[in-house]
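Below is one structure, written out as structure tokens; comments come after it.
Below, chain A is the first sequence line, B the second, and so on; all start at residue 1.
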Protein chains: 2
Amino acid sequence: MLDAETAELKVLDTAERLFGARGIQAVGMDAIRSASGVSLKRLYQLFPSKDLLVEAVLRRRDEAVRSSLTAHGARTAEGPYERALAVFDWLADWFAEPGFRGCAFINGFGELGGVSPAVAAISRDHKEALRAYFAEQTDALGAPPVLADQLSLLANGAMAVAGITGSPEPAAQAKAAARVLLDTVR
Amino acid sequence: MLDAETAELKVLDTAERLFGARGIQAVGMDAIRSASGVSLKRLYQLFPSKDLLVEAVLRRRDEAVRSSLTAHGARTAEGPYERALAVFDWLADWFAEPGFRGCAFINGFGELGGVSPAVAAISRDHKEALRAYFAEQTDALGAPPVLADQLSLLANGAMAVAGITGSPEPAAQAKAAARVLLDTVR
DNA sequence: GCATCGGGAGAACGATCGTTCTCCCGGCCG
DNA sequence: CGGCCGGGAGAACGATCGTTCTCCCGATGC
């Protein structure tokens with residue numbers, strides 16, 4: 001048997017992967033059970049309902065994206081200009097992952113945002129965090145606040161189009177556009 | 001009783017509205033029946049399965065968007081530069097509609113793209129059509145081909161963010177960014 | 001060794017949903 | 001006028017799914 005921590009990790013990993021591949025409602029609790037090897041009983045001890053599991057998956061993904069984004073910025077870029085652009089390299093890596101099918105929050109909002117206030121709120125907060133990350137960089141550059149919104153639109157557009165088309169190209173295209181916008185305040 | 005044409009129209013209108021508000025899988029055939037006033041029997045005569053109804057709704061929406069977009073461009077803008085920018089005014093009108101909850105194709109792809117090749121293909125074609133519309137304008141300006149992709153990223157990012165945040169602001173922000181990009185080839 | 005407790009496997013239950021069927025009515029044709 | 005056809009209302013059916021329950025086993029403590 002697995003300890004609670006390991007089981008929770010396996011469930012969250014499995015659910016995130018299956019939700020990403022097929023969508024949320026197309027994945028039954030039984031599929032998560034089979035793929036994770038965690039029994040239904042334990043699954044419901046860890047997450048008392050599918051709704052709560054969905055929210056936990058999204059919340060963990062939110063944290064992971066925020067960490068990964070700032071870590072990548074700190075690792076690869078040296079100033080706010082470079083860190084803003086580095087977001088698009090981070091996107092490129094993400095889009096190239098096998099099975100990439102778009103942003104969990106854009107997809108989750110589209111599927112459940114209309115019936116689940118929790119999913120809608122998590123998605124909104126997540127997108128606001130991305131905008132805030134851009135705003136940190138653009139503020140440091142003394143750029144007008146709208147620039148952060150615009151960079152966020154490019155990033156989200158790249159996620160949506162890369163997901164739908166299956167091509168990683170949008171990351172590079174968005175990066176080039178972002179450079180043009182950033183250069184107006186240099 | 002309604003003639004077949006009127007019934008089909010009511011069903012497609014109702015389904016499009018409910019799918020947009022709640023997502024596709026959250027809307028049962030019975031809800032479409034109640035809201036449209038078209039009996040289940042007739043509904044299944046017109047659309048032999050829910051999958052086919054979903055595809056019909058998306059295909060009709062695809063046509064409507066394409067027509068609306070080119071009509072708006074022809075009506076309000078005089079040259080390729082203006083027509084490219086006019087797309088974002090068209091987005092602003094759309095985002096301001098009550099109940100707006102994002103793009104049917106971004107949302108539909110997120111929900112069903114992983115399990116329905118038909119939905120995935122329709123979404124891909126639709127996004128390609130938007131890109132092609134931008135490409136018509138940028139080609140006429142003698143701009144490099146990537147500009148059309150970048151304008152399409154801005155438009156799609158605006159749709160995603162406007163849907164999630166519920167604000168129409170992204171249209172104006174994207175328009176301003178698009179103007180910057182377009183001005184680099186003037 | 002034995003009772004107890006927690007967990008695994010999966011059956012069972014109740015709800016929902018896509019789809020079909022039954023029953024009935026109203027209009028149309030002879 | 002009487003039989004037939006198409007359609008409306010909604011019950012019925014079968015599948016799926018979220019959730020719970022049953023049964024059994026293995027470990028653990030005295």
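At the phosphate of D:dG7, neither OP1 nor OP2 sits under 4.0 Å from any side-chain N or O atom of B:K41. A:R33 has a side-chain polar atom (N or O) that falls below the 4.0 Å cut-off from OP1 or OP2 of C:dG10. At D:dA9, none of the side-chain N or O atoms of B:R42 fall inside 4.0 Å of OP1 or OP2 (strictly under the cut-off).
Spacing between atom CD of A:Q45 and atom P of C:dA9 amounts to 14 Å, rounded to whole angstrom units. The CG-C1' distance, from B:L46 to D:dG6, rounds to 14 Å in whole Å. Atom CG in B:L53 sits roughly 10 Å away from atom P in C:dT19 (whole-Å rounding). Here the P atom of nucleotide D:dT16 and the NZ atom of B:K50 are 15 Å apart, to the nearest Å. Rounding to whole angstrom units, OH of residue A:Y44 and P of C:dA9 are separated by 16 Å. Rounded to whole Å, atom C1' of D:dC17 lies 14 Å from atom CG of A:L43.
For B:A174, the side chain to side chain contact (heavy atoms under 4.5 Å, CB included) test picks out A:L153, B:F88, B:L154, B:A158, with sequence neighbours left out.
Residues of residues 12-32 of chain B having a heavy atom closer than 4.0 Å to DNA chain C, listed by number: B:V27, B:G28, B:M29.
Residues A:D149 and A:S152 bring no donor and acceptor atom of their side chains to less than 3.5 Å of each other.
Distances from the side chain of A:L40 to the nucleotides C:dA11, D:dA9, C:dG7 place C:dA11 closest. When each of D:dT19, C:dG10, C:dT19 is scored by its nearest atom to the side-chain atoms of A:S49, the top-ranked nucleotide is D:dT19.
Residue B:E78 holds its CD atom at 9.5 Å from CZ of B:R83, rounded to the nearest 0.5 Å.
For residues 89-100 of chain A, the set of pairs meeting the side-chain hydrogen bond (donor to acceptor under 3.5 Å, both in side chains) definition, not counting sequence neighbours, comprises A:S68-A:W90, A:D89-A:K175.
In this structure, A:E63 contributes its side chain and A:R59 its backbone to no donor-acceptor pair below 3.5 Å. Between the A:D30 side chain and the A:L40 main chain, no donor and acceptor come within less than 3.5 Å of each other.
Between B:R60 and B:E16 a salt bridge is recorded (basic side-chain N to carboxylate O distance below 4.0 Å).
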